[in-house]
J.: 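Supplied in structure tokens, the structure appears directly below.
This is a predicted model, so every value here is computed, not measured. In what follows, chains are A, B, ... by sequence order, proteins preceding strands, each numbered from 1.
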Amino acid sequence: MEAIVALCRRRGFIFQSSEIYGGINGFWDYGPLGVELKRNLKEAWWQDVVRCPAPGPTGDPLEMVGLDCTIIMNPKVWVASGHVGTFADPMRKCKRCGHFVRADHLWDILAQDCRWFDSLLQEFTPGSGEIDTPRLMKWARGKGKKIAPNLALVRNPEVTLSWLATRVTGQDDAPSELQEIVRYVATEQLQRDGLQDPCPLCGGELDEARPFTLMFESHAGLSQSDDNKVYLRPETAQGIFANFRNVVDTSRVKIPFGIAQVGKAFRNEVTPRNFTFRSREFEQMEIEFFIHSDEADTWYRYWRDSRFAWWQSIGLAGENLTLREHDRDELAHYAKEGAGTSDIEYRFPFTAPGFGELEGVAHRTDYDLRQHAEHSGLRDKLKYFDQQKNEKYFPHVIEPSAGADRGALALLCEAYTPDESRPSKVYMKFHPRMAPIKAGIFPLVNKDGMPEVASKLYNELRGQYPVQFDAKQNIGKRYARMDEAGTPYCFTIDGQTLEDQTVTVRHRDTLSQERIGIDRVAAFLAEKLRG
RNA sequence: GCGGGUGUAGCUCAGUGGUAGAGCGUCACGUUGCCAACGUGAAUGUCGACGGUUCGAAUCCGUUCACCCGCUCCA
């Protein structure tokens, strides 16, 4: 992976944002080659999804329209969607080690996934619940010291155990509840703070539960008050739902139909990691496909399979691409009752042997439209009226939601091909459609009229394709540079060109060469670049 | 947020208290006859940042930032 990051930087695919100031965690810039690659990806998506989508499950053409919404919207959108409120999870921070834990999951985590809690339980006699003070003391000074250094019982065993003793002897019906005993051993100063909850990691005390949102906040207007607080969108989907009625009213679409959007979204991730894979600012390519609930299964399967095929078609054809159906219990709240959710995943070098998500295909039911219908007060006006069926209903939604940056990263990882036999030691095997530069135009040597012919060809081609002209240094060096940029073809003008009007085509992947007429170069490229 | 690692030219790295270096790359000129050839020359550094110790710091100490690995988190 480090080699890929190094090549991205060296050749100008991806730079760290604001690098000259030391960078900023979770933000990345695309360089001259990277912007072409990402643009190719997004344009291919738009072409294949909005302008000319594959036929639907019945063979009929799909109806798709585009949309481009703002990043900042009325904050009520995020209340309706649940991003403000239920998803602003109450989090508690450990005062000792700084660890964050979800308040509502604390006791589950302690019981199921906590080293010191597990170990401490062994010290209680099974069944009886009796408190064995010397035994707990021994635990506190031995094991406990290592795995729960900040637990009150470990820091100050005598005092803590004396509190525990008063609790137990004061009750007739000991054994007492496990949870309460644990809170006692986590509490050092009973009178001042009451019983404490322990940190699953170190045993230290947790502070108050506070809502913790992944959304970036800003203010629309000059004053920085709660009145004008706004959020940077954490997903593009809600802009589509909020405009559902506008699109239906203005574009004559009929169910089933889809609305597509490409755009930036922002999430204040706790830990941005793995190059651009988890960034705080990223770009999504989302479709909300509106259907009647009776057809959810059919459309879900259609989108899952056609989206998978699409990623294959742009070069992620190997075993590194996989389709994973979610288990019921990992589904998002809105998708529990739906036809299913699946991820299209790619085996990135940093996730291997596991996979990382490229695109999620989810049946969101009618959750979002219902939420907006209720919160906006528009209620039934957000329903769709089906003239043929004479039925008014909230459409269900199949949502294929892809990450553009993750897609570009997968393309980079997939293309990266070490090859010790060639001068560059590595080449980027992009699908020609995705390649940032489609062709290099080179005079074999920089004299004898070759540069003039090459330059003429270059000027003809550059109007249609991103191509590069290079006459400097020897031909091998120029080929090597094109290998690292992932340019699939190089056209070289040599002595023979001047005699018979043919050029050599050098193929990136095979290193083989063929001769074609100089007048056929444009047609050659057009054919190779076709979807 | 925790633990471990890294940070010197575009890249790979050397330099362990005393004048900041090498190779590769980049650029210019010459040469060139199909895969980073050769010759000559040139540009390029707040030694990640801030502070401290010292006559003197890339080097020692503290803090901080960024990246990598492992936790945690990822609706």
Side-chain angles (χ1 to χ4, degrees), chain A residues 1-3 5-7 9-12 15-28 31 78 81-89 91-102 104-105 109 113-115 149-150 199-202 204 212-215 234-235 267-275 277-280 330-335 349-350 356-357 360 362 419 421-427 440 442-448 450 471-484 490-497 503-508 511-513 515:
Chain A
M1 191 63 211
E2 279 166 54
V5 176
L7 182 131
R9 182 170 161 44
R10 187 172 73 243
R11 289 272 85 120
F15 308 120
Q16 207 181 354
S17 171
S18 31
E19 191 187 74
I20 60 169
Y21 290 103
I24 176 167
N25 199 357
F27 298 88
W28 300 91
W78 306 114
S81 72
H83 286 85
V84 177
T86 55
F87 292 122
D89 298 323
M91 302 289 284
R92 301 184 68 179
K93 188 181 181 184
C94 175
K95 290 179 185 171
R96 303 257 164 192
C97 74
H99 174 67
F100 279 96
V101 60
R102 272 182 67 161
D104 51 342
H105 286 182
I109 291 168
D113 196 21
C114 172
R115 275 177 70 203
N150 294 327
C199 166
L201 233 54
C202 74
F212 182 82
T213 177
L214 291 174
M215 283 194 290
E235 62 175 30
R267 293 182 199 179
N268 212 341
E269 298 287 354
V270 179
T271 312
R273 206 41 98 70
N274 290 330
F275 202 28
F277 184 78
R278 177 164 296 131
S279 304
R280 289 183 165 138
E330 63 174 315
L331 293 185
H333 61 99
Y334 51 73
F350 48 80
E357 181 186 346
D419 181 354
S421 73
R422 58 175 86 196
S424 57
K425 306 293 184 208
V426 63
Y427 67 106
F442 305 149
L444 182 58
V445 289
N446 202 12
K447 61 177 186 185
D448 297 342
M450 295 180 206
K472 297 294 166 87
Q473 299 173 313
N474 72 66
I475 192 77
K477 208 163 190 169
R478 286 176 265 160
Y479 285 153
R481 273 196 286 254
M482 287 296 108
D483 277 349
E484 282 199 329
C490 293
F491 301 106
T492 301
I493 282 71
D494 57 16
Q496 199 179 327
T497 308
V503 298
T504 63
V505 184
R506 183 259 193 187
H507 294 257
R508 175 195 64 200
L511 302 180
S512 63
Q513 297 193 359
R515 293 200 77 89

J.: What residues form a side chain to side chain donor-acceptor pair (under 3.5 Å) with A:Q473, not counting sequence neighbours?
T.: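 Partners of A:Q473 under the side chain to side chain donor-acceptor pair (under 3.5 Å) test: A:R481.
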J.: Suppose you measure atom P in B:rG23 against the same atom in B:rG5; what distance do you get, rounded to whole Å?
T.: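 To the nearest whole Å, 33 Å.
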J.: Rounded to the nearest 0.5 Å, what's the gap from CE on A:M482 to CZ on A:R506? Could you check?
T.: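 Between atom CE of A:M482 and atom CZ of A:R506 there are 10.0 Å.
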J.: Between B:rC60 and B:rG18, how many Å separate the two P atoms, rounded to a whole number?
T.: 11 Å
J.: At less than 4.0 Å, is any side-chain N or O atom of A:K472 found next to OP1 or OP2 of B:rA28? Yes or no.
T.: yes
J.: For B:rA36 and B:rC50, measure between their C1' atoms and round to the nearest Å.
T.: 42 Å
J.: Sticking with atom C1', work out how far B:rC2 lies from B:rU46, rounded to a whole angstrom.
T.: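 My reading of the C1' atoms in B:rC2 and B:rU46 gives 32 Å.
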J.: Under 4.0 angstrom, heavy atoms only, what part of the nucleic acid is A:G26 near: base, sugar-phosphate, or nothing?
T.: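 It contacts sugar-phosphate atoms only.
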J.: Excluding sequence neighbours, so at least two apart, what forms side chain to side chain donor-acceptor pair (under 3.5 Å) with A:N474?
T.: none
J.: Between A:R478 and A:P443 (side chain of the first, backbone of the second, donor and acceptor by atom type, cut-off under 3.5 Å), is there such a pair?
T.: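 Judged by distance alone, yes, a pair lies under 3.5 Å.
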J.: Tell me, do A:Y479 and A:L511 make a side-chain contact under 4.5 Å, heavy atoms counted?
T.: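 Result no, sub-4.5 Å side-chain heavy-atom pair not found.
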J.: Partner of B:rC2 by Watson-Crick or G-U wobble geometry, both contacts under 3.5 Å, or none?
T.: B:rG70
J.: Can you tell me the Watson-Crick or wobble partner of B:rA28, both distances under 3.5 angstrom?
T.: B:rU40
J.: Using a 4.0 Å heavy-atom cut-off, does A:F442 contact any base of the nucleic acid, only the sugar-phosphate backbone, or nothing at all?
T.: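 Here A:F442 touches no strand at all.
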J.: Which residues pass the side chain to side chain donor-acceptor pair (under 3.5 Å) test with A:D448, not counting sequence neighbours?
T.: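 None.
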J.: Test of understanding: with side chain to side chain contact (heavy atoms under 4.5 Å, CB included), list the residues that count as partners of A:V5, not counting sequence neighbours.
T.: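 A:M1, A:F275.
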J.: Separation of A:F277 atom CZ from B:rC69 atom P, in whole Å?
T.: 12 Å
J.: Distance between the C1' atoms of B:rG17 and B:rA57, in whole angstroms?
T.: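 It works out to 7 Å between them.
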J.: Please name the nucleotide paired to B:rC55 by Watson-Crick or G-U wobble geometry with both distances under 3.5 Å, or report none.
T.: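 B:rG18 - that is the nucleotide pairing with B:rC55, both distances being under 3.5 Å.
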J.: Atom CZ of A:R9 to atom P of B:rC68: distance rounded to whole Å?
T.: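 One finds 14 Å between P of B:rC68 and CZ of A:R9, rounded.
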J.: Give the B/S/- string for nucleotides 30-37 of chain B, one per nucleotide from 5' to 3', where a protein heavy atom under 4.0 Å of the base yields B, of only the sugar-phosphate yields S, and otherwise -.
T.: --BBBBBB
J.: Enumerate the protein-to-nucleotides 39-41 of chain B contacts in which both atoms are nitrogen or oxygen and the separation is below 3.5 Å.
T.:
none

J.: Tell me the interatomic distance from A:I24, atom CD1, to B:rU64, atom C1', rounded to whole angstroms.
T.: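 Between C1' of B:rU64 and CD1 of A:I24: 15 Å.
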J.: Measuring only the C1' atom in each nucleotide, how far is B:rC73 from B:rU64? A whole number of Å is fine.
T.: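 Taking atom C1' in both B:rC73 and B:rU64, they lie 24 Å apart.
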J.: Using the rule salt bridge (Lys or Arg N to Asp or Glu O under 4.0 Å), only one of A:R422, A:R11, A:R9 pairs with A:E484; which is it?
T.: A:R11
J.: What interatomic distance, in whole Å, is found between C1' of B:rU6 and the corresponding atom of B:rC13?
T.: 14 Å
J.: I'd like the P distance from B:rA58 over to B:rG48, given in whole Å.
T.: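 One P to the other, the span is 10 Å.
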J.: Could you please name the partner base of B:rG7, counting Watson-Crick and G-U wobble pairs only when both distances are under 3.5 Å?
T.: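 B:rG7 is paired with B:rC65.
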J.: Counting C-beta onward and ignoring hydrogens, is there a side-chain heavy-atom pair between A:T492 and A:M450 closer than 4.5 Å?
T.: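 They are not in contact (no side-chain heavy atoms under 4.5 Å apart), so the answer is no.
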J.: Spell out, as yes or no, whether a donor-acceptor pair under 3.5 Å connects the side chain of A:R267 to the backbone of A:P234.
T.: yes
J.: Partner lookup for B:rG33, please. Criteria are Watson-Crick or G-U wobble with both distances under 3.5 angstrom; report none if nothing qualifies.
T.: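 Looking at the geometry, B:rG33 pairs with no nucleotide.
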